[in-house]
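In what follows, residues are counted from 1 in the order of the sequence shown. In listed order, ligands and their atoms are each counted from 1.
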Amino acid sequence: MLEAEKADQYKENCIKKYDENVERYIFTYDKDYEGYPGNQKRFDIIRDLIRRHSPQRVLYIGCGACVPMALLIKEFGCEMFGIDFSKKMVEQGRKVLKEHGLNPELVQIGDIENMDTLPDGVFDFVIAVGVFTHLYDDNKAMSNLNKKLKNGGILVVEFRNELFSCYSFNTFSYDFILNTLLAGVDLPQEFGMKVDHFFKERFGILADEKIAPKSTYLKNGIIKKFHNPLNICEVIERWNFCWKENYFYHFHVLPPQFETVNPDLFKKLSLYIEDPTNWRGHIMASAFVSEAEKIQNI
Ligand SMILES: C[S@@+](CC[C@H](N)C(=O)[O-])C[C@H]1O[C@@H](n2cnc3c(N)ncnc32)[C@H](O)[C@@H]1O
């Protein structure tokens, strides 16, 4: 269970984790990267959206070490500013921008939840990647996104897919089914224990293990929460955006436990079914990107 008073500590832990993983994020875009190219698939989705909307002025929140940002500026020639709350990411990002012959000052340290740290002015396209999964509460960030976009501007936000829990057959599945799908359903004690036992057995969880609601949202002191693609429009539209579409990425051809059985085959078959607009993404993809249009100021 997440505790509000620990929200600042969760954020500190998250910044530290990103500070320590700068090289790893850069490597995921390398042509020699042999892991699943989830970040590259996400990049392709964002690139298609930029191509479709031809924005003039873009804000990229959670830009990391600026590898995708530099490629997008070079391909589309739009004005683009990046912010990231990890100092090490920003330091590396400045080097990457410089290597591409771009102004290193285009990236600054900033936090989506702190309006004073976001660049001045409004934008006609705002991207937020790897950000909402770590927030204790979405409201401040959504409100800031509304303020940073002009009317008619496009919002592109990445989320981790809560419904993937239906296909992962592990602790996440137990938490999702018992604590979210069955939320508010009051079973008589003996019946409830049978149900609990049924799911624990299927998902390989010890009978006496306690899994509190949403406890799977916290790992090593870092929030890693999920959003549901079937009702994300409600979250987004509460902040005066009109939700348009979800695009799924990082497909899993089988539950993740099968990855170690034959990693190459798992990757090959997952890439084969990877398709951002296929309905299977709701269940088989671990993440998605939502596209929305700002309709009015809050
Ligand atoms: C998954 S990484 C993606 C980096 C980059 N977009 C890429 O594709 O290589 C997410 C980035 O978001 C940053 N981030 C997470 N939460 C943030 C927040 N509240 N404000 C600003 N940046 C944040 C992290 O420091 C990290 O660099």
Please indicate whether any nitrogen or oxygen in [X] is less than 3.5 Å from any nitrogen or oxygen in ligand 1.
X      : result
Asn39  : no
His134 : no
Arg42  : yes
Lys11  : no
Phe85  : yes

Any donor-acceptor N or O pair under 3.5 Å, side chains Tyr10, Glu3: no
Identity and distance of the protein heavy atom lying nearest atom 10 (C) of ligand 1: Val129 O, 3.6 Å
Distance in Å, Trp243 CH2 paired with Glu291 CD, rounded so as to fall on 0.5 Å steps: 9.5 Å
Closest candidate by heavy atom, reference atom 13 (C) of ligand 1, pool Ile46, Ile127, Asp84: Asp84
Of the listed options Ser86, Gly62, Gly130, Ala141, closest to atom 3 (C) of ligand 1 (non-hydrogen atoms): Gly62
Crowding at NE2, His197 (>12 non-hydrogen neighbours, <6.0 Å): no
Lys6 NZ: over 12 foreign heavy atoms closer than 6.0 Å: no
Aromatic contact, His134 with Tyr18 (centres under 6.0 Å): yes
Should you measure from each heavy atom of [X], which atoms of ligand 1 turn up under 4.0 Å away?
X      : result
Pro68  : 7 (C), 8 (O), 9 (O)
Tyr29  : 7 (C), 8 (O), 9 (O)
Met89  : 27 (O)
Gly110 : 20 (N), 21 (C)

Ala65, portion touching ligand 1 at heavy-atom distance under 4.0 Å: neither
With heavy-atom distances below 4.5 Å as the criterion, would you say the side chains of [X] and [Y] are in contact?
X      : Y      : result
Ser286 : His252 : yes
Lys224 : Leu218 : no
Phe159 : Ile232 : yes

salt_bridge(Arg280, Asp275) N-O dist < 4.0 Å: no
